[in-house]
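A short worksheet on the structure shown next.
Throughout, numbering of the chain's residues begins at 1 and tracks the sequence.
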Amino acid sequence: MNRKSSYLNIEFLSACTEARLYPEDFGHEVAICGRSNSGKSSIINALANSKKLAKTSNTPGRTQSINFFSVNSDTNYKLVDLPGYGYAKASKKMQKDWGRQITSYMNSRDSLRAIILIMDIRHPFQKTDMDFLAWCQKYNLPVQLLLNKADKISRNKGLNALSASKKKLTNLVLLNDPLLFSAKTHDGVEQLASYILSWVESA
Ligand SMILES: Nc1nc2c(ncn2[C@@H]2O[C@H](COP(=O)(O)OP(=O)(O)OP(=O)(O)O)[C@@H](O)[C@H]2O)c(=O)[nH]1
Ligand SMILES: [Mg+2]
């Protein structure tokens, strides 16, 4: 597969702050979750080879709505960019609003099939991540873990973090082994895109 053909055809559908505005609940959805600033929106852009499909920012808390994207327009498959959790500096009210939005989406969405969980490779498995993983386990939601921002550390450190992460992920339904990823250099994009396509094909 050459680099260009590995990008996905992703289109923005809607940005919703309330459940009544979500697109119709049918087909298959994969939600992109993780701490604020871990790179969730950047990963959607990397998958589409775009700079502005999903809004990104240096300031944590950029994504404040639940954003739906279609994958290859002839499928009933969607990617969902969620607000990040665990941003300590956000006001209590903001944290509560985000928490409420995320749980309301997760609890109500029949088409939710799997989670792509993003962690900053330099700060993986924080308390909020562990709480979130426990939640995925409780609801039996399959997880694909991405260790993002791999460009920020050496290859060796990255590989060590990758093997340490495998040991942490016991008792979960895993879609595949964790992936080293960089939304900046597009390392891992081809692999993730092929995973997503295989989920689309088997949906
Ligand atoms: N070096 C590097 N920077 C990255 C990478 N991925 C994201 N970033 C940067 O990290 C910051 C946060 O990225 P976002 O994609 O907005 O993160 P997010 O998880 O969507 O954040 P929230 O919407 O606030 O939850 C931005 O400044 C991105 O440019 C990466 O792989 N490498
Ligand atoms: Mg975001």
Heavy-atom donor-acceptor pair, Lys40 side chain to Arg35 backbone, under 3.5 Å: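 Pair found, side chain donor or acceptor close to backbone of Arg35.
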Check: Asp187 side chain, Leu180 main-chain N or O, donor-acceptor pair, under 3.5 Å: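 Not confirmed, Asp187 side chain does not pair with Leu180 backbone.
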Indicate yes or no: at least one non-hydrogen side-chain atom of Ile44 is less than 4.5 angstrom from one of Ile32.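 Yes. Closest side-chain heavy atoms under 4.5 Å.
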Between Asp81 and Ser41, is the side-chain hydrogen bond (donor to acceptor under 3.5 Å, both in side chains) condition met? List the steps. CA-CA 6 Å; Asp81 185 14; Ser41 302; 2.7 Å; yes
Spatial distance of atom [atom1] ([X]) from atom [atom2] ([Y]) [nearest 0.5 Å]:
{"X": "Glu11", "Y": "Asn72", "atom1": "CD", "atom2": "CG", "result": "9.5 Å"}
{"X": "Ser50", "Y": "Ile10", "atom1": "OG", "atom2": "CD1", "result": "9.0 Å"}
{"X": "Leu47", "Y": "Asn9", "atom1": "CG", "atom2": "CG", "result": "12.0 Å"}
{"X": "Ser70", "Y": "Leu79", "atom1": "OG", "atom2": "CG", "result": "9.0 Å"}
{"X": "Leu21", "Y": "Ile66", "atom1": "CG", "atom2": "CD1", "result": "10.5 Å"}
{"X": "Ser6", "Y": "Gln191", "atom1": "OG", "atom2": "CD", "result": "10.5 Å"}

What pair of heavy atoms forms the shortest contact from [X] to [Y], and how long is it?
{"X": "Asn45", "Y": "Lys51", "value": "ND2-O, 3.6 Å"}
{"X": "Phe26", "Y": "Lys78", "value": "O-NZ, 3.3 Å"}
{"X": "Val143", "Y": "Cys136", "value": "CG2-CB, 3.8 Å"}
{"X": "Asp177", "Y": "Gln144", "value": "O-NE2, 3.0 Å"}
{"X": "Pro83", "Y": "Ile102", "value": "O-CD1, 3.3 Å"}
{"X": "Ala46", "Y": "Ala183", "value": "CB-O, 4.0 Å"}

Can you list the steps and then say if Asn148 with Ser38 is a side-chain contact (heavy atoms from CB on, under 4.5 Å)? CA-CA 7 Å; Asn148 189 37; Ser38 56; 5.9 Å; no
Give me each pair satisfying side chain to side chain donor-acceptor pair (under 3.5 Å) with a member in residues 105-119, each pair once, sequence neighbours excluded.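 Those involving residues 105-119 are Asp25-Ser111, His28-Arg113, Glu29-Tyr105, Glu29-Arg109.
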Please collect all side chain to side chain donor-acceptor pair (under 3.5 Å) contacts where either partner lies in residues 133-143, sequence neighbours excluded, each pair once.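 Pairs touching residues 133-143 that pass the test: none.
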Let me have the donor-acceptor pairs involving side chains of residues 151-163, under 3.5 Å, with sequence neighbours excluded, atom names and distances please.
residue	atom	partner	partner atom	Å
Asp151	OD1	Ser182	OG	2.8
Ser154	OG	Lys157	N	3.1
Ser163	OG	Asn160	O	3.3

Checking Leu112 against Val80 for the side-chain contact (heavy atoms from CB on, under 4.5 Å) test, could you report, in this order, the C-alpha distance in whole Å, the side-chain angles of both residues, the deciding distance, and whether it holds? CA-CA 9 Å; Leu112 179 61; Val80 186; over 6 Å; no
Path from Leu145 to Leu174 over hydrophobic side-chain contacts below 4.5 Å: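 Yes, one cluster joins them.
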With sequence neighbours excluded, what pairs up with Tyr195 under the ring pair (Phe, Tyr, Trp, His ring centres under 6.0 Å) test?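 Once residues adjacent in sequence are excluded, Tyr195 has no partner under the ring pair (Phe, Tyr, Trp, His ring centres under 6.0 Å) criterion.
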Please lay out, stage by stage, how Ser104 and Tyr22 fare under the test side-chain contact (heavy atoms from CB on, under 4.5 Å). CA-CA 11 Å; Ser104 131; Tyr22 295 167; 3.7 Å; yes
Would Val71 and Val30 count as a side-chain contact (heavy atoms from CB on, under 4.5 Å) if you check the C-alpha gap in whole Å, the side-chain angles of each, and the deciding distance to 0.1 Å? CA-CA 10 Å; Val71 180; Val30 172; over 6 Å; no
Without placing hydrogens or testing angles, list every side-chain donor-acceptor pair under 3.5 Å for residues 114-130, not counting sequence neighbours.
residue	atom	partner	partner atom	Å
Asp120	OD1	Arg122	N	2.9
Asp120	OD1	Arg122	NE	3.0
Asp120	OD2	Arg122	NH2	2.7
Gln126	NE2	His123	O	3.4
Lys127	NZ	Asp131	OD1	3.1
Lys127	NZ	Asp131	OD2	2.7
Asp129	OD1	Tyr85	OH	2.8
Asp129	OD2	Gln126	N	3.0

Restricting to side-chain contact (heavy atoms from CB on, under 4.5 Å), what partner residues turn up for Ala164, sequence neighbours left out?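 Here no residue qualifies.
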